[in-house]
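By convention in this document, chain letters (A, B, ...) are assigned in the order of the sequence lines, proteins followed by strands, and residues within each chain are numbered from 1. No experiment lies behind these values; they were computed from the predicted model shown.
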Protein chains: 2
Amino acid sequence: MGRQPTTSPPVEEYKPVLEYKIGELASLTSCPAETIRYYEKQGLLPAASRNQANYRVYQEGHLKRLQFILHCRALDMTQEEIRLLVTLQDKPDSPCEQVDVLLDNHLQHVEARITQLQHLQEQLRLLRSQCDNHGPVSRCGIIEGLERLDVSTDDHHPDDTCSHVHGSHGL
Amino acid sequence: MGRQPTTSPPVEEYKPVLEYKIGELASLTSCPAETIRYYEKQGLLPAASRNQANYRVYQEGHLKRLQFILHCRALDMTQEEIRLLVTLQDKPDSPCEQVDVLLDNHLQHVEARITQLQHLQEQLRLLRSQCDNHGPVSRCGIIEGLERLDVSTDDHHPDDTCSHVHGSHGL
DNA sequence: TAAAAACCCTGTAGCAGCTACAGGGTCAAG
DNA sequence: CTTGACCCTGTAGCTGCTACAGGGTTTTTA
């Protein structure tokens, strides 16, 4: 990469500003370049400056911010939640109460989703036990069960205000 | 509804074919009419016949099929999975092995998602404990934690072939 | 009997959180 | 001086709906 001499580094690098092109940032973070651009467009990542070829140029601050975002995503936060967090991060003097509230809410979402999925799991296991795998579909207890099923969702389907946590699909 | 006389029903109703308009089906199933049309377009629900006003006309079979679909959705199955199930349902003589396999796979998806969410839950709780809610953001352990976080996703992020179960957001 | 409300139709756009092009420009190596 | 690896913008696609817009029909009400 670059034109760094393999021997005898400069006597004094008086400005070791690390800069990355988008592909470098991508491989440093394992986040696809397209997603990085997408985060910029969504306002999660501040817009990078450009070099004369109109390529995005990133510094350490962008790297840290991107890692922050990826950590939040790994914890399943929405872009909305992340947006609030990075805004707060940029206002170091504001009280951290909002951060705490956000985290508490998010934890509740996750807990609600776990409960709901456990309920599904139970129902699916019950349904699964209705078939012994040896007959035709016409005598399959699973199909029959799906026709008659009484899904008691109400106690486990959290209402809109309470959960934004995904179903069982997608990563 | 209709012009049914309140007294003295017809001596012999020799064809009590129950038919529904989309709105009736919708309220019978608590499934919005738009979603019913959508399922038809996706091929989950067979296309209804039409009356002279071009309104969809549904019979009992449609009602049952729709309930089947809704039960599957309540169990968090994808349209892809449901499509397979209804196809099999329409072939009563085929072996039910595919049904069983589908259900086993789906159960695995759900289990994998539960495990992953429990892992998230733990991390979120740990993170939450880093802040006592009394200082400015600059001393907030949560923000700090999100900057440094090492999310050990690998053991809990099921790979693409294994899970299609959603994150913690959305219903 | 006519006007108003309630229902139905098709088609399109939007939601989240990306991913995957198409159709270009830039740059370093052989 | 051409090849290939990068970069750019912009748009369309994914899932499972939901919400219109802009029409037509039917039912109810005055």
Side-chain angles (χ1 to χ4, degrees), chain A residues 1-4 19-27 29-45 47-58 66 69-70 72-83 109 113 157 160 163-171, chain B residues 1-4 19-27 29-45 47-58 66 69-70 72-83 109 113 157 160 163-171:
Chain A
M1 266 180 218
R3 50 220 149 83
Q4 216 162 74
E19 300 202 323
Y20 314 103
K21 282 190 286 181
I22 198 168
E24 292 162 356
L25 198 61
S27 57
T29 57
S30 304
C31 175
E34 282 128 336
T35 302
I36 297 176
R37 287 191 205 103
Y38 171 74
Y39 285 157
E40 178 181 315
K41 207 186 301 183
Q42 300 309 302
L44 295 183
L45 204 53
S49 51
R50 306 295 182 109
N51 67 13
Q52 92 284 8
N54 199 32
Y55 288 11
R56 284 171 181 83
V57 176
Y58 296 98
L66 179 55
I69 294 168
L70 293 174
C72 291
R73 287 296 301 134
L75 293 173
D76 231 351
M77 293 180 192
T78 61
Q79 290 186 4
E80 202 54 62
E81 289 170 326
I82 300 172
R83 215 182 311 280
H109 298 327
R113 186 63 188 147
H157 261 228
D160 296 358
S163 179
H164 56 252
V165 179
H166 283 181
S168 46
H169 306 283
L171 223 318
Chain B
M1 305 185 189
R3 52 229 149 78
Q4 213 163 76
E19 301 202 322
Y20 315 103
K21 282 189 287 181
I22 199 169
E24 292 160 358
L25 198 62
S27 57
T29 57
S30 306
C31 175
E34 282 128 337
T35 302
I36 296 175
R37 289 193 205 102
Y38 171 74
Y39 286 156
E40 179 181 316
K41 205 184 306 182
Q42 299 310 301
L44 296 183
L45 205 51
S49 52
R50 306 293 181 112
N51 67 12
Q52 92 285 6
N54 198 33
Y55 288 11
R56 286 171 179 83
V57 177
Y58 296 97
L66 179 55
I69 294 168
L70 294 174
C72 292
R73 286 295 301 134
L75 293 173
D76 230 352
M77 293 181 193
T78 61
Q79 291 186 4
E80 201 56 62
E81 289 170 325
I82 300 172
R83 215 182 311 279
H109 297 328
R113 185 63 188 147
H157 262 227
D160 297 357
S163 177
H164 55 251
V165 179
H166 282 183
S168 45
H169 305 281
L171 223 318

Measuring from the side chain of B:Lys41 (C-beta onward, heavy atoms only), which nucleotide among C:dT12, C:dC9, C:dG17 has the closest atom?
C:dT12
Figure out the CD/P separation between B:Glu34 and C:dA13, and round it to whole Å.
17 Å
Closest of C:dG17, C:dT12, C:dC8 to the A:Thr78 side chain is C:dG17
Select one nucleotide: of D:dC20, D:dT26, C:dC9, the one nearest the side-chain heavy atoms of B:Gln52.
D:dT26
Would you please say whether a donor-acceptor pair under 3.5 Å links the side chains of B:Glu34 and B:Tyr39?
no
Nucleotide D:dT26, atom C1' - distance to CZ of B:Arg50 in whole Å
16 Å
Determine, step by step, whether B:Lys21 and B:Arg56 satisfy the side chain to side chain contact (heavy atoms under 4.5 Å, CB included) criterion, reporting the C-alpha distance in whole Å, the side-chain angles of both residues, the deciding distance to 0.1 Å, and the verdict.
CA-CA 6 Å; B:Lys21 282 189 287 181; B:Arg56 286 171 179 83; over 6 Å; no
In whole Å, I'd like the distance from the CZ atom of A:Arg37 to the C1' atom of C:dA20.
12 Å
Where the side chain of A:Arg73 is defined as all heavy atoms beyond and including C-beta, which of C:dT26, C:dC21, C:dC18 is the nearest nucleotide?
C:dC18
Establish, with yes or no, whether the OP1 or OP2 oxygen of D:dT18 is under 4.0 angstrom from a side-chain nitrogen or oxygen of B:Thr35.
yes
Please report, rounded to the nearest Å, how far the P atom of C:dC18 is from the CE atom of A:Met77.
14 Å
Assess whether one donor atom and one acceptor atom, taken from the side chain of B:Tyr55 and the base of D:dG24, lie less than 3.5 Å apart.
yes
Run the side chain to side chain contact (heavy atoms under 4.5 Å, CB included) check on B:Leu66 and B:Tyr58 step by step: do they pass?
CA-CA 11 Å; B:Leu66 179 55; B:Tyr58 296 97; over 6 Å; no
Nearest-Å distance, OH (A:Tyr38) to C1' (D:dG10)?
15 Å
Using OP1 and OP2 only, check whether a side-chain N or O of B:Arg56 sits under 4.0 Å from C:dT10.
yes
Rounded to whole Å, OH of B:Tyr20 lies from P of C:dC7 at a distance of 18 Å
Length of the line joining A:Ile36:CD1 and D:dC6:P, which is rounded to integer Å:
14 Å
Distance-only, no hydrogens or angles: does the B:Arg83 side chain make a donor-acceptor pair with backbone N or O of B:Thr78 under 3.5 Å?
no
On DNA chain C, compare the nucleotides closest to B:Asn54 and A:Asn51; which residue's is nearer the 5' end?
B:Asn54
Where each residue is assigned the nucleotide of DNA chain D containing its nearest heavy atom, which of B:Lys21 and B:Gln79 is assigned the position nearer the 5′ end?
B:Gln79
Do the side chain of A:Arg37 and the main chain of A:Lys41 share a donor and acceptor less than 3.5 angstrom apart?
no
note: B:Glu40, atom CD; C:dC9, atom C1'; distance rounded to Å ~ 12 Å
